[in-house]
Structures are given as structure tokens and as C-alpha cells.
Amino acid sequence: MTSIPSNAATTTSAPGLLRLARSQEGVVVVLLVALFALVLVFTMASPYFLDFRNAMNIGRAVSIIGIAAAFTTLLMIAGGLDLSIGAVMNAAGVAAAIALQSSGLGVPGAILAGLSVGIVVGFVNGVFVAKLGVNPLIMTIAMQFIVRGLTLGLSASASKIITDPLFLAIAQSYFRIGSISIPAPLVWMLLSMALVWGILRFTLFGKYVYAIGGKASACRRAGINVDRHTILLYVISATGAAFAGIVLASLQGAGIPYGAGNELSVIAAVILGGVSLSGGVGLIEGTLVAVLLVGVLKNGMTLLGISSVFQMVAEGLVLATAVTLDRLKKRF
Amino acid sequence: MSVASLDAGGEGRAAGRVPFLEARNVTKRYGGLFAVRDVTLPLYPGEVVGIVGDNGAGKSTFIKILAGDHEPTSGDLLIEGRPVRFARPRDAKRAQIETIYQDLALCENLSVMDNVFLGHEITSGLPFRFLRRARMHAETRILLDDLGIGIPSTHEIVVNLSGGQRQATALARVAKAGAKLVILDEPTAALGVRETRALLDLVLRFREQGKAILVISHEMRDVFEITDRIAVFKRGELIADRRTKETTPDEIVSLIMRGRQ
């Protein structure tokens, strides 16, 4: 038998820069450049923009979306989709508020009640998608209606005011490092992102998230329990949304059952950050920068006196531009 | 029924060794249709067996029975002489039977190393189970070098690999999993000349390591180059089981086309 020559030449002859642009790291780099460009523009356009307190305001403003986006990024890299996020947020806030008023278990009970909403909803989503093969889009939209209806019904469509100072401190306090004060919601968001980053980068579970998003059938053949991982990812996504809802309730001082759904803003940020809807691709760093990008855009436009109506238009244009560029780069 | 057992068997049989896996009178029926009919075929360690036959001859159904994808309607599978039952693919895997289908079952978005270790990762720590990437890269490198696989970097993402390199990655995966029987479904169908050569050498290296190998192929040249025995399927039946040295491509093609005379 002959000694084996190396196989045919690898097909990776694309020049370095193009390779970077095509890679998931490249998306993050491009987003960072866009973020700095935006910061530069707003700094020149408004004297109020480049300011520590304004930066912290942006951080607080994006934190709710950011917390939910962090956890649903895991699900979306694995090829899943969760549109029940917004409904779960409101439901968790209301559940926490009701628990505070009537359970007598205090803040731990309230947090537990809120998170339980996410765990239950995520589990039901996951079982229907993984075990019964229901389309995730349809399943989680159905769940959105169910959860929203139940929330409105059980709260009699009334906001539940929260007065417990400890619960309010979850989102209304500051973490002080030396002379700087960081609003708590921003810290929760950064911790959420850091946790997801660690999972994706270092753990077996993180590898399986990418593997399942890449080719679930190959994972099954390799003996990986894909269904169990999928169910767990839906639980993580919904529980992350519930956590965001608890922080939101603390920030607002009330569990509000009829708030507008945030799910599309969350999913838009994740997609903008470079996660492919078909799964297998994406980085939490992308989600973080995308969340900040949208936050800076909205904040800067507000400072320039542009109405929130046009901010929605801008957010939509940014997303459309991003996904279009993503398609175009594959042609080169 | 089948006279396969009357035909000349492999060298292993002559030596009186126990086959790693033996299919004994295996039949798969769909209603009145026999997809596989009364097939008896022993597979010995260190032996490459080629399965040839026209489309619809029952080759794919047969290997799916060995891989645990289908349960036979009747007949037995024996591993080292002991009867076994494969209700699902996992059972076959547990018996150290690994099948590489044409789609290769690789995660194209992951690295060569990630694919080689998929489902068998080295981890440390609880409760999160941290990946020991450096160690897995090193082990993958050694494995690739041992098998003579020419992939420059274990960090390379599979989507960037050539068809032959992907096949090699799938084979390395199977070697890592410690397979004793490797089933290959048309492994050279999508490969160029050089890549086919490298793949055939890889199969021969598996044989040197004492693995039993079963290859479905349409490529008569490849079949004659690497196999020790050739099993001819026609209309679900095993119509001939020849030692490769004692037959010719003409005879095999004639068997495939016209059946037993």
C-alpha cells in the first residue's frame, strides 16, 4: 500500500480580510465599527451625548432587551425561535408582583414566582417543538397569545403596584465601583451576557448548541440527546425572558400585564448581532454590540429631538441593512 | 433458498475464525415485498467486504438493518457468535458498529476536532462540563497523522474542507468512536481521482487495524482494489459471495445484470 499524500488542496484560498468578513467574528467587528461611527456622529451632533450619565442611561434603557436577548441567543444559535418572550416578560412581572402582595414569601418568593412562569412556558414550548415536531414559530406565537391572555385574566387587566423596597432595589439601585455608579439593570445584563459567553465558549453544552444548530441529525447519530437539549434551550430562553420581566417590574415599580411585547426587538437585536435564523452561527458578543447599537441609535435620535416614531423606522432600516449585507457578502 | 453459504467465503472463514458480525437468514419484508430475503453474510475482523448490486437490490436496506435503522422481519444478527437485537441505531453503536452514510453526518459549522469528538468529548468539571479543547486538538492531530489523513489544521471548519477531507473526517470520527465494524455507503461517489486514492488507502489502514469493513459501491475498480470478498445482491437476495482474488469484474457485472446462471 502506498503512503498517503495529503488530500486535494483545501478550498480555503479566500484572502484574509474576506475570510474575516465572512466569519462570525467579522460580523462583530463590523458592528463595532458601526457602533463607534454612530457614537462619533452623535458626539459631534449633540453636546449631551458623550457623557457618563448618558452612557449609563443608554445602558439602563437597553438592559431589559439585552437580558432577554442574551438567553434567547443560545436558543437561536441552536436553530430555535421563541416569540413568547414578550408575553413571558409581562407575565413574570405580574406574577412577581402578585406573589409579593399575597404570598408572604417576600422577595425570594416573588423572584421564584416570576422565574417559574418562564420555566413552565419554556418547558411546554420545548416539548411541543422537540417531541411533537410543532413549528417553533407557530408554537411560540400560540404561547404568546395564551400567556398574554392568562396574564390579563389573572390580573384583571390591572397593574400590580410594587412597594417592597428590596424588590425595587433589584433594578433601581446602583453598583458603585470607586467613584462611578452603574445602574443595576445594566449589571444584570452584562452578567447575563458573560454567563452565556462562558457557556458558549467553554462548555460541552455550548458546543452542542452550535452542533445542534449546524446539523441536528448528525448530533442524533452521534448519540447526543437533541430533544433534551432543545427543551432545555426553550426553558433557558423563557426563563431569561422571565428574569428580564422581573427586572422590568422592579424598574417600573409595578407588574404591568398589558405592556407592548418586546419579543421582536429582542429577536431583531439577536439577528442584527449575526445569529443566523437557520442556526449554527453566531456569537454573544454580536448580540451585545447589536443591543448597544440600537440603544445608542435611539438615545442619539432622542437627544437630537427626533420622534420615537422615526426611531422605529431607523431600527427597522438598520436591521434590514444588516441582513442584506449578510446576504451580499456570500456572493464574493 | 440462498446458496450464498455454499459459495467460497472469505479468508477468515477458511481459518475457522469467528466473524465479528454475522447476518443469518436475515429477511426484511414490506407486506408482500421482500426488500431483503434470507441473507446470510459473515463479516470478519480485518476483512473488507464489498456489497454490489443494481438499484433496488436491497443493499441499502441490508446495511440499515446492520446499523440498527431497521429491524429485520426474521433472521438473526450475531456479534462474535452471540445473538443481538438492534431496535435503534444507538444499539448498533453500542455494539461498535459505525455507519457512514453519504451525507456523512458532520456538523459543517464546527471544526474538524469538534466533529471527530462529537458525542465523545473530553471534559472536566461539574456541573458545567468544560471542554478540554487543547487536549482534543492534540489527540485529533495524532489520530489524523496515524491514519495518514492530510488535513492541515484540526481547527479548520468542515465547510471549508474538500469532499475527500470531509470523508476522512467522518472516518476519523468513526475510528475515534472505537468502531469494530465500519459500514461505508458509496464512499467514493463524490470524490476525484486523488481523493478516491486517499480514501481507499484509509480503508486499507482500517483493515490493518483489524476492523471489519463493509462497503457499498458502484465503482467496480474500487471494489476490486480494496475488498477481500464481494457480495452480490439482486432483488433482495444475496446471489453470490466471492473471494475477490477468485473472480473478475466481468463475472461480477454479469451477476449484477443477469443474476445467477
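To find a chain, count down the sequence lines: A is the first, B the second, and so on, and within it residues start at 1.
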Under 4.5 Å to a heavy atom of chain A? For Arg173(B) that would be side chain

Whatever's closer than 4.5 Å to a heavy atom in chain A on Arg90(B) counts as neither

Listed by number, the residues in residues 217-224 of chain B that come under 4.5 Å of chain A (heavy atom to heavy atom) are none

Next item on the list: Mark yes when over 12 heavy atoms from residues, nucleotides or ligands other than Phe128(A) sit less than 6.0 Å from its CZ; otherwise mark no.
Entry: no

Residues 219-239 of chain A vs chain B, non-hydrogen distance cutoff under 4.5 Å, contacting residues -> Cys219(A), Arg221(A), Ala222(A), Gly223(A), Ile224(A)

Nearest heavy-atom approach of Ala211(A) to Cys107(B) is O-SG, 3.4 Å

Atom CZ of Arg141(B) with >12 non-hydrogen neighbours under 6.0 angstrom:
yes

Partner of Lys215(A) under side-chain contact (heavy atoms from CB on, under 4.5 Å), picked from Leu118(B), Val158(B), Asp103(B), Leu104(B), is Asp103(B)

Cut-off 4.5 Å, heavy atoms of chain B, and the answer for Ile212(A) is neither

Donor-acceptor contact present, side-chain Lys207(A) to main-chain Leu131(B), <3.5 Å: no

Atom CZ of residue position Phe123(A) - does it have more than 12 heavy atoms of other residues, nucleotides or ligands inside 6.0 Å?
no

Separation between OH (Tyr208(A)) and CZ (Arg129(B)), nearest 0.5 Å, reads 6.5 Å

Separation between CZ (Phe130(B)) and CD1 (Ile199(A)), nearest 0.5 Å, reads 9.0 Å

Per-residue tally against chain A (heavy atom, under 4.5 Å) across Asn109(B), Asn115(B), Thr123(B), Leu110(B) peaks at Asn109(B)

